[in-house]
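Here's the structure we're looking at; comments come further down.
Chain letters run A, B, ... following the sequence lines, proteins first and then strands; every chain starts at 1.
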2 protein chains.
Amino acid sequence: MDATTEALQDAGVDPRLDRDTSNCSIARTLEVVGEKWTILILREVWYGSSRFSEFERVLGCPRNLLAARLRMLVEEGILAAETYKEPGSRSRPKYVITPKGMDLVPAVMGLLQWGDRYSADPEGPAMLSRHRGCGAHVDAQIRCDQGHAVQPEDIESIPGPAFRLRPAE
Amino acid sequence: MDATTEALQDAGVDPRLDRDTSNCSIARTLEVVGEKWTILILREVWYGSSRFSEFERVLGCPRNLLAARLRMLVEEGILAAETYKEPGSRSRPKYVITPKGMDLVPAVMGLLQWGDRYSADPEGPAMLSRHRGCGAHVDAQIRCDQGHAVQPEDIESIPGPAFRLRPAE
DNA sequence: CATCTGAGTTTACTTTTCTATACCCAGCCA
DNA sequence: TGGCTGGGTATAGAAAAGTAAACTCAGATG
(Lines give C-alpha, C1' and ligand atoms only; values in the text may rest on other atoms or scores of the structure.)
Protein backbone atom coordinates (compact mmCIF):
# COMPACT_ATOMS: atom_id res chain seq x y z
CA MET A 1 0.00 0.00 0.00
CA ASP A 2 1.43 3.40 -0.91
CA ALA A 3 1.65 6.34 1.49
CA THR A 4 -1.28 8.22 -0.05
CA THR A 5 -3.63 5.28 0.23
CA GLU A 6 -2.52 4.75 3.80
CA ALA A 7 -3.13 8.40 4.68
CA LEU A 8 -6.61 8.19 3.16
CA GLN A 9 -7.46 5.11 5.18
CA ASP A 10 -6.31 6.82 8.38
CA ALA A 11 -8.82 9.55 7.59
CA GLY A 12 -11.55 6.93 7.22
CA VAL A 13 -11.63 7.37 3.46
CA ASP A 14 -11.93 4.25 1.32
CA PRO A 15 -11.54 4.68 -2.47
CA ARG A 16 -14.09 1.96 -3.11
CA LEU A 17 -16.74 3.39 -0.79
CA ASP A 18 -15.97 7.09 -1.03
CA ARG A 19 -15.48 7.46 -4.75
CA ASP A 20 -17.68 9.88 -6.65
CA THR A 21 -20.38 7.57 -8.01
CA SER A 22 -22.10 10.31 -9.97
CA ASN A 23 -19.03 10.21 -12.22
CA CYS A 24 -19.96 6.75 -13.51
CA SER A 25 -20.75 5.70 -17.06
CA ILE A 26 -23.47 3.31 -15.93
CA ALA A 27 -25.22 6.01 -13.91
CA ARG A 28 -24.95 8.48 -16.78
CA THR A 29 -26.37 6.02 -19.27
CA LEU A 30 -29.26 5.31 -16.92
CA GLU A 31 -29.96 9.02 -16.65
CA VAL A 32 -30.64 9.00 -20.38
CA VAL A 33 -32.32 5.63 -20.95
CA GLY A 34 -33.37 4.69 -17.41
CA GLU A 35 -36.81 6.26 -17.42
CA LYS A 36 -39.86 4.15 -18.00
CA TRP A 37 -40.75 3.60 -21.69
CA THR A 38 -37.44 4.85 -23.11
CA ILE A 39 -35.89 1.46 -23.82
CA LEU A 40 -39.23 0.08 -24.94
CA ILE A 41 -39.53 2.90 -27.48
CA LEU A 42 -36.07 2.02 -28.79
CA ARG A 43 -37.08 -1.64 -29.00
CA GLU A 44 -39.99 -0.66 -31.24
CA VAL A 45 -37.72 1.44 -33.41
CA TRP A 46 -35.51 -1.63 -33.93
CA TYR A 47 -38.57 -3.69 -34.73
CA GLY A 48 -39.55 -1.18 -37.39
CA SER A 49 -41.83 1.50 -35.90
CA SER A 50 -41.21 5.17 -36.53
CA ARG A 51 -44.45 7.12 -36.09
CA PHE A 52 -46.06 8.57 -33.00
CA SER A 53 -49.27 6.61 -33.58
CA GLU A 54 -47.33 3.36 -34.05
CA PHE A 55 -45.52 3.76 -30.74
CA GLU A 56 -48.76 4.64 -29.01
CA ARG A 57 -50.59 1.64 -30.42
CA VAL A 58 -47.94 -0.98 -29.75
CA LEU A 59 -46.77 0.33 -26.36
CA GLY A 60 -50.06 1.58 -24.97
CA CYS A 61 -48.12 4.31 -23.19
CA PRO A 62 -49.60 7.72 -22.25
CA ARG A 63 -49.32 10.27 -25.04
CA ASN A 64 -47.67 12.99 -22.98
CA LEU A 65 -44.94 10.62 -21.80
CA LEU A 66 -44.45 9.34 -25.32
CA ALA A 67 -44.07 12.90 -26.60
CA ALA A 68 -41.67 13.75 -23.76
CA ARG A 69 -39.53 10.63 -24.32
CA LEU A 70 -39.35 11.13 -28.08
CA ARG A 71 -38.35 14.77 -27.57
CA MET A 72 -35.63 13.71 -25.13
CA LEU A 73 -34.33 10.94 -27.40
CA VAL A 74 -34.06 13.44 -30.25
CA GLU A 75 -32.31 15.99 -28.01
CA GLU A 76 -29.85 13.30 -26.95
CA GLY A 77 -29.16 12.37 -30.56
CA ILE A 78 -30.39 8.80 -30.13
CA LEU A 79 -33.27 9.33 -32.53
CA ALA A 80 -33.54 11.84 -35.37
CA ALA A 81 -36.81 13.46 -36.45
CA GLU A 82 -37.48 13.29 -40.18
CA THR A 83 -40.70 13.88 -42.10
CA TYR A 84 -42.86 11.54 -44.09
CA LYS A 85 -45.84 12.25 -46.28
CA GLU A 86 -48.67 9.84 -46.98
CA PRO A 87 -50.43 10.67 -50.27
CA GLY A 88 -53.41 12.87 -49.44
CA SER A 89 -52.04 13.90 -46.06
CA ARG A 90 -49.76 16.66 -44.91
CA SER A 91 -46.14 16.02 -43.88
CA ARG A 92 -45.71 14.54 -40.43
CA PRO A 93 -42.68 13.69 -38.31
CA LYS A 94 -41.18 10.24 -37.99
CA TYR A 95 -38.36 9.06 -35.78
CA VAL A 96 -35.35 7.11 -37.01
CA ILE A 97 -32.43 5.74 -35.09
CA THR A 98 -29.00 7.36 -35.29
CA PRO A 99 -25.56 5.71 -34.98
CA LYS A 100 -25.50 6.82 -31.33
CA GLY A 101 -28.80 4.99 -30.85
CA MET A 102 -27.46 1.91 -32.64
CA ASP A 103 -24.63 1.82 -30.13
CA LEU A 104 -27.19 0.99 -27.45
CA VAL A 105 -27.91 -2.31 -29.16
CA PRO A 106 -25.33 -4.35 -27.19
CA ALA A 107 -26.84 -3.17 -23.89
CA VAL A 108 -30.38 -3.98 -25.00
CA MET A 109 -29.30 -7.34 -26.43
CA GLY A 110 -27.90 -8.07 -22.98
CA LEU A 111 -31.25 -7.32 -21.34
CA LEU A 112 -33.09 -9.34 -23.99
CA GLN A 113 -30.85 -12.34 -23.54
CA TRP A 114 -31.20 -12.35 -19.75
CA GLY A 115 -34.98 -12.25 -20.08
CA ASP A 116 -34.85 -15.07 -22.64
CA ARG A 117 -32.87 -17.16 -20.21
CA TYR A 118 -34.74 -16.48 -16.99
CA SER A 119 -38.26 -15.37 -17.74
CA ALA A 120 -39.27 -16.55 -21.18
CA ASP A 121 -42.35 -18.70 -21.70
CA PRO A 122 -41.75 -22.46 -21.55
CA GLU A 123 -41.97 -22.74 -25.32
CA GLY A 124 -39.27 -20.10 -25.80
CA PRO A 125 -38.86 -16.38 -26.53
CA ALA A 126 -41.42 -14.21 -28.30
CA MET A 127 -38.81 -12.88 -30.69
CA LEU A 128 -35.60 -14.38 -32.06
CA SER A 129 -32.53 -12.50 -33.23
CA ARG A 130 -30.45 -13.84 -36.07
CA HIS A 131 -27.54 -12.74 -38.17
CA ARG A 132 -28.81 -11.41 -41.49
CA GLY A 133 -26.69 -13.32 -43.94
CA CYS A 134 -25.72 -16.48 -42.14
CA GLY A 135 -29.01 -16.77 -40.22
CA ALA A 136 -27.36 -17.97 -37.01
CA HIS A 137 -28.64 -16.91 -33.59
CA VAL A 138 -26.89 -13.84 -32.17
CA ASP A 139 -26.12 -12.85 -28.59
CA ALA A 140 -24.20 -10.28 -26.58
CA GLN A 141 -20.94 -11.48 -25.15
CA ILE A 142 -17.88 -10.03 -23.52
CA ARG A 143 -14.53 -10.09 -25.28
CA CYS A 144 -11.17 -8.52 -24.64
CA ASP A 145 -9.09 -6.65 -27.19
CA GLN A 146 -6.90 -9.74 -27.53
CA GLY A 147 -9.96 -11.52 -28.91
CA HIS A 148 -10.54 -13.80 -25.92
CA ALA A 149 -14.07 -14.60 -24.79
CA VAL A 150 -14.24 -13.27 -21.22
CA GLN A 151 -16.25 -14.77 -18.37
CA PRO A 152 -17.91 -12.15 -16.12
CA GLU A 153 -15.84 -13.29 -13.13
CA ASP A 154 -12.65 -12.63 -15.10
CA ILE A 155 -13.40 -8.94 -15.49
CA GLU A 156 -11.24 -6.73 -13.29
CA SER A 157 -12.44 -3.18 -12.59
CA ILE A 158 -9.74 -0.64 -11.84
CA PRO A 159 -9.80 3.14 -11.34
CA GLY A 160 -9.51 5.00 -14.65
CA PRO A 161 -8.27 8.47 -15.65
CA ALA A 162 -11.36 10.28 -14.35
CA PHE A 163 -11.56 8.46 -11.03
CA ARG A 164 -12.53 10.91 -8.27
CA LEU A 165 -13.34 10.78 -4.60
CA ARG A 166 -16.69 12.11 -3.46
CA PRO A 167 -16.32 15.67 -2.17
CA ALA A 168 -16.31 15.69 1.64
CA GLU A 169 -19.45 17.17 3.23
CA MET B 1 -48.14 -13.04 -48.06
CA ASP B 2 -50.02 -16.08 -46.79
CA ALA B 3 -53.79 -16.26 -46.36
CA THR B 4 -53.68 -15.88 -42.56
CA THR B 5 -51.58 -12.73 -42.65
CA GLU B 6 -53.88 -11.31 -45.31
CA ALA B 7 -56.96 -12.03 -43.21
CA LEU B 8 -55.34 -10.35 -40.20
CA GLN B 9 -54.54 -7.25 -42.22
CA ASP B 10 -58.13 -7.05 -43.47
CA ALA B 11 -59.19 -6.97 -39.82
CA GLY B 12 -56.79 -4.08 -39.21
CA VAL B 13 -54.42 -6.32 -37.27
CA ASP B 14 -50.69 -5.90 -37.84
CA PRO B 15 -48.37 -8.47 -36.19
CA ARG B 16 -45.75 -5.80 -35.63
CA LEU B 17 -48.08 -3.30 -33.99
CA ASP B 18 -50.60 -5.64 -32.38
CA ARG B 19 -48.29 -8.22 -30.88
CA ASP B 20 -48.41 -8.82 -27.15
CA THR B 21 -45.54 -6.65 -25.92
CA SER B 22 -45.90 -7.76 -22.32
CA ASN B 23 -44.58 -11.10 -23.54
CA CYS B 24 -41.15 -9.59 -24.21
CA SER B 25 -37.86 -10.52 -22.65
CA ILE B 26 -36.67 -6.91 -22.57
CA ALA B 27 -39.82 -5.76 -20.74
CA ARG B 28 -39.57 -8.65 -18.30
CA THR B 29 -35.95 -7.93 -17.53
CA LEU B 30 -36.79 -4.26 -16.94
CA GLU B 31 -39.53 -5.27 -14.52
CA VAL B 32 -36.81 -6.85 -12.38
CA VAL B 33 -33.87 -4.47 -12.79
CA GLY B 34 -35.59 -1.36 -14.16
CA GLU B 35 -36.32 0.37 -10.85
CA LYS B 36 -34.12 3.16 -9.60
CA TRP B 37 -31.07 1.97 -7.58
CA THR B 38 -31.29 -1.68 -8.62
CA ILE B 39 -28.57 -1.65 -11.26
CA LEU B 40 -26.47 0.71 -9.17
CA ILE B 41 -26.62 -1.76 -6.27
CA LEU B 42 -25.44 -4.51 -8.62
CA ARG B 43 -22.63 -2.27 -9.83
CA GLU B 44 -21.43 -1.91 -6.25
CA VAL B 45 -21.62 -5.65 -5.74
CA TRP B 46 -19.33 -6.11 -8.77
CA TYR B 47 -17.00 -3.48 -7.41
CA GLY B 48 -16.78 -5.42 -4.16
CA SER B 49 -19.44 -4.18 -1.71
CA SER B 50 -21.62 -6.63 0.14
CA ARG B 51 -22.92 -5.00 3.33
CA PHE B 52 -25.93 -2.81 3.95
CA SER B 53 -23.80 -0.04 5.40
CA GLU B 54 -21.42 -0.15 2.42
CA PHE B 55 -24.26 0.25 -0.07
CA GLU B 56 -25.73 3.06 1.98
CA ARG B 57 -22.43 4.89 2.21
CA VAL B 58 -21.40 4.61 -1.42
CA LEU B 59 -24.84 5.09 -3.00
CA GLY B 60 -26.30 7.61 -0.58
CA CYS B 61 -29.68 6.03 -1.22
CA PRO B 62 -32.55 6.04 1.31
CA ARG B 63 -32.37 3.13 3.75
CA ASN B 64 -35.93 2.01 3.18
CA LEU B 65 -35.43 1.82 -0.59
CA LEU B 66 -32.11 0.04 -0.15
CA ALA B 67 -33.73 -2.55 2.11
CA ALA B 68 -36.58 -3.02 -0.36
CA ARG B 69 -34.27 -3.43 -3.37
CA LEU B 70 -31.97 -5.87 -1.57
CA ARG B 71 -34.97 -7.95 -0.52
CA MET B 72 -36.26 -8.01 -4.09
CA LEU B 73 -32.87 -8.95 -5.54
CA VAL B 74 -32.63 -11.85 -3.10
CA GLU B 75 -36.19 -12.96 -3.91
CA GLU B 76 -35.32 -12.90 -7.60
CA GLY B 77 -32.22 -14.98 -7.01
CA ILE B 78 -29.87 -12.28 -8.31
CA LEU B 79 -28.24 -11.84 -4.92
CA ALA B 80 -27.98 -14.37 -2.11
CA ALA B 81 -27.96 -13.40 1.56
CA GLU B 82 -25.14 -14.96 3.54
CA THR B 83 -23.77 -14.06 6.94
CA TYR B 84 -20.49 -12.61 8.01
CA LYS B 85 -19.04 -12.11 11.43
CA GLU B 86 -16.58 -9.45 12.45
CA PRO B 87 -14.57 -10.48 15.50
CA GLY B 88 -16.34 -9.03 18.52
CA SER B 89 -19.63 -8.53 16.68
CA ARG B 90 -22.57 -10.78 16.11
CA SER B 91 -23.31 -12.35 12.73
CA ARG B 92 -24.81 -9.99 10.16
CA PRO B 93 -26.12 -10.51 6.64
CA LYS B 94 -24.12 -9.78 3.52
CA TYR B 95 -25.19 -9.94 -0.09
CA VAL B 96 -23.29 -11.88 -2.72
CA ILE B 97 -24.01 -12.24 -6.38
CA THR B 98 -25.37 -15.49 -7.80
CA PRO B 99 -24.79 -17.00 -11.26
CA LYS B 100 -28.16 -15.51 -12.31
CA GLY B 101 -26.85 -12.12 -11.23
CA MET B 102 -23.57 -12.68 -13.07
CA ASP B 103 -25.56 -13.25 -16.24
CA LEU B 104 -26.59 -9.59 -16.09
CA VAL B 105 -22.98 -8.55 -16.65
CA PRO B 106 -23.21 -8.36 -20.47
CA ALA B 107 -26.21 -6.01 -20.23
CA VAL B 108 -24.50 -3.77 -17.69
CA MET B 109 -21.24 -3.82 -19.67
CA GLY B 110 -23.29 -2.56 -22.61
CA LEU B 111 -24.61 0.36 -20.56
CA LEU B 112 -21.14 1.10 -19.20
CA GLN B 113 -19.59 1.10 -22.62
CA TRP B 114 -22.20 3.44 -24.08
CA GLY B 115 -21.63 5.87 -21.23
CA ASP B 116 -17.87 5.62 -21.72
CA ARG B 117 -18.31 6.51 -25.35
CA TYR B 118 -20.86 9.30 -25.12
CA SER B 119 -20.75 10.87 -21.68
CA ALA B 120 -17.40 10.22 -20.06
CA ASP B 121 -15.22 13.06 -18.82
CA PRO B 122 -12.76 14.43 -21.39
CA GLU B 123 -9.89 12.62 -19.70
CA GLY B 124 -11.67 9.28 -19.92
CA PRO B 125 -13.83 6.93 -17.85
CA ALA B 126 -13.82 6.77 -14.05
CA MET B 127 -13.37 3.00 -14.10
CA LEU B 128 -11.69 0.67 -16.57
CA SER B 129 -12.51 -2.98 -17.19
CA ARG B 130 -9.79 -5.40 -18.14
CA HIS B 131 -9.38 -9.10 -18.64
CA ARG B 132 -7.86 -10.66 -15.55
CA GLY B 133 -5.02 -12.62 -16.98
CA CYS B 134 -4.17 -10.87 -20.23
CA GLY B 135 -4.96 -7.39 -18.91
CA ALA B 136 -6.55 -6.22 -22.17
CA HIS B 137 -9.57 -3.90 -22.21
CA VAL B 138 -12.90 -5.76 -22.38
CA ASP B 139 -16.19 -4.77 -24.00
CA ALA B 140 -19.62 -6.17 -24.84
CA GLN B 141 -20.10 -7.14 -28.44
CA ILE B 142 -22.58 -9.05 -30.53
CA ARG B 143 -21.64 -12.33 -32.14
CA CYS B 144 -23.53 -15.06 -33.90
CA ASP B 145 -23.26 -18.77 -33.21
CA GLN B 146 -21.09 -19.11 -36.31
CA GLY B 147 -18.54 -16.92 -34.52
CA HIS B 148 -18.99 -13.83 -36.70
CA ALA B 149 -18.86 -10.36 -35.16
CA VAL B 150 -22.29 -8.87 -35.91
CA GLN B 151 -23.05 -5.21 -36.59
CA PRO B 152 -26.29 -3.98 -34.98
CA GLU B 153 -27.81 -3.27 -38.40
CA ASP B 154 -27.24 -6.91 -39.41
CA ILE B 155 -29.46 -8.26 -36.67
CA GLU B 156 -32.77 -9.54 -37.95
CA SER B 157 -35.62 -9.92 -35.44
CA ILE B 158 -38.22 -12.54 -36.26
CA PRO B 159 -41.22 -13.91 -34.34
CA GLY B 160 -40.22 -16.79 -32.06
CA PRO B 161 -42.06 -19.77 -30.57
CA ALA B 162 -43.93 -17.69 -27.96
CA PHE B 163 -44.99 -14.91 -30.31
CA ARG B 164 -48.54 -13.79 -29.50
CA LEU B 165 -50.95 -11.13 -30.61
CA ARG B 166 -52.31 -8.75 -28.03
CA PRO B 167 -55.74 -9.93 -26.87
CA ALA B 168 -58.46 -7.82 -28.52
CA GLU B 169 -60.24 -5.43 -26.14
C1' DC C 1 -27.11 -3.27 33.65
C1' DA C 2 -26.48 0.40 30.41
C1' DT C 3 -24.50 1.41 26.10
C1' DC C 4 -22.93 0.79 21.38
C1' DT C 5 -23.40 -1.00 16.52
C1' DG C 6 -25.13 -2.72 12.17
C1' DA C 7 -29.12 -3.63 9.98
C1' DG C 8 -32.92 -2.71 9.45
C1' DT C 9 -38.50 -0.84 10.12
C1' DT C 10 -41.83 2.83 10.70
C1' DT C 11 -43.83 7.17 10.09
C1' DA C 12 -44.59 11.63 8.16
C1' DC C 13 -43.88 14.80 4.56
C1' DT C 14 -42.28 16.60 -0.01
C1' DT C 15 -41.23 16.03 -4.72
C1' DT C 16 -41.20 13.65 -8.92
C1' DT C 17 -43.04 10.51 -12.15
C1' DC C 18 -46.87 8.09 -14.23
C1' DT C 19 -51.60 7.59 -15.89
C1' DA C 20 -55.91 8.99 -17.89
C1' DT C 21 -58.60 11.93 -20.20
C1' DA C 22 -59.81 15.99 -22.40
C1' DC C 23 -58.57 19.36 -25.46
C1' DC C 24 -56.06 21.72 -29.51
C1' DC C 25 -54.24 22.46 -34.17
C1' DA C 26 -52.90 21.94 -39.15
C1' DG C 27 -54.05 20.41 -43.38
C1' DC C 28 -56.73 17.42 -46.42
C1' DC C 29 -61.38 16.25 -48.17
C1' DA C 30 -66.44 16.33 -49.15
C1' DT D 1 -67.83 24.92 -43.74
C1' DG D 2 -67.48 21.13 -41.10
C1' DG D 3 -65.52 16.77 -40.11
C1' DC D 4 -61.48 13.60 -40.09
C1' DT D 5 -56.71 12.32 -38.99
C1' DG D 6 -52.09 12.38 -36.96
C1' DG D 7 -49.49 14.51 -33.70
C1' DG D 8 -49.35 16.56 -30.23
C1' DT D 9 -50.68 19.84 -25.07
C1' DA D 10 -52.90 20.59 -20.69
C1' DT D 11 -54.44 19.22 -16.55
C1' DA D 12 -55.74 16.60 -12.65
C1' DG D 13 -55.20 12.66 -9.81
C1' DA D 14 -52.60 8.41 -8.33
C1' DA D 15 -48.43 6.10 -7.51
C1' DA D 16 -43.68 5.91 -6.72
C1' DA D 17 -39.54 7.86 -5.05
C1' DG D 18 -36.85 10.88 -2.05
C1' DT D 19 -35.93 12.92 2.69
C1' DA D 20 -35.54 12.93 7.51
C1' DA D 21 -35.84 11.35 11.85
C1' DA D 22 -37.33 8.16 15.34
C1' DC D 23 -37.62 3.54 16.76
C1' DT D 24 -36.38 -1.60 17.11
C1' DC D 25 -33.64 -5.55 17.88
C1' DA D 26 -29.83 -8.74 18.97
C1' DG D 27 -25.65 -9.46 20.62
C1' DA D 28 -21.05 -7.67 22.12
C1' DT D 29 -18.65 -4.50 25.45
C1' DG D 30 -17.73 -1.82 29.71
Between Arg92(B) (CZ) and dA26(D) (C1'), how many Å, whole number?
-> 8 Å
Out of dG8(D), dA26(D), dA7(C), which nucleotide sits closest to the side chain of Pro93(A)?
-> dG8(D)
Let me know the distance between OH of Tyr84(B) and P of dT5(C), rounded to the nearest Å.
-> 14 Å
Let me know the distance between NZ of Lys85(B) and C1' of dG27(D), rounded to the nearest Å.
-> 9 Å
Return the minimal non-hydrogen interatomic distance between Val32(A) and Thr38(A), and the atom names on each side.
-> O-CG2, 3.9 Å
Begin from the C-alpha positions of Asp14(A) and Arg57(B) and carry the test salt bridge (Lys or Arg N to Asp or Glu O under 4.0 Å) through to its verdict.
-> CA-CA 11 Å; Asp14(A) 178 336; Arg57(B) 175 164 167 190; 5.9 Å; no
Using whole Å, report how far CG of Leu40(B) lies from P of dG18(D).
-> 10 Å
Name every residue in residues 48-56 of chain B that has at least one heavy atom under 4.0 Å from any atom of DNA chain C, in order of residue number, or write none if there are no such residues.
-> Arg51(B), Phe52(B), Ser53(B)
Phosphate oxygens OP1/OP2 of dT16(C): is one of them under 4.0 Å from a side-chain N or O of Lys36(B)?
-> no
Starting from C1' on dA7(C), measure out to CZ on Arg90(B) and report it in whole angstrom.
-> 7 Å
Testing dG8(C), dG6(C), dA17(D) for proximity to the side chain of Tyr95(B), the answer is dG8(C)
Indicate, with a heavy-atom threshold strictly under 4.0 Å, whether Glu86(A) touches base, sugar-phosphate, or nothing.
-> nothing
Closest approach of Glu82(B) and Val96(B), non-hydrogen atoms and distance?
-> OE2-CG2, 3.4 Å
Any ion pair linking Arg117(A) and Asp103(B) (charged N to carboxylate O, less than 4.0 Å)?
-> yes
In residues 58-77 of chain B, what residues come within less than 4.0 Å of DNA chain C, judged by heavy atoms?
-> Arg63(B), Asn64(B), Ala67(B), Arg71(B)
May I ask you to verify if any side-chain N or O of Trp37(A) is less than 4.0 angstrom from the OP1 or OP2 atom of dT19(C)?
-> yes
Determine, for Glu44(A) against Arg19(B), whether the closest basic-nitrogen to carboxylate-oxygen distance falls under 4.0 angstrom.
-> yes
Between Arg57(B) (CZ) and dA7(C) (C1'), how many Å, whole number?
-> 16 Å
Among residues two or more places apart or on two chains, list those pairs meeting ring-ring contact (aromatic ring centres under 6.0 Å, His included) that have a residue in residues 99-131 of chain A.
-> Trp114(A)-Tyr118(A), His131(A)-His148(B)
Could you tell me whether the side chains of Arg16(A) and Ser49(B) share a donor-acceptor contact shorter than 3.5 Å?
-> yes
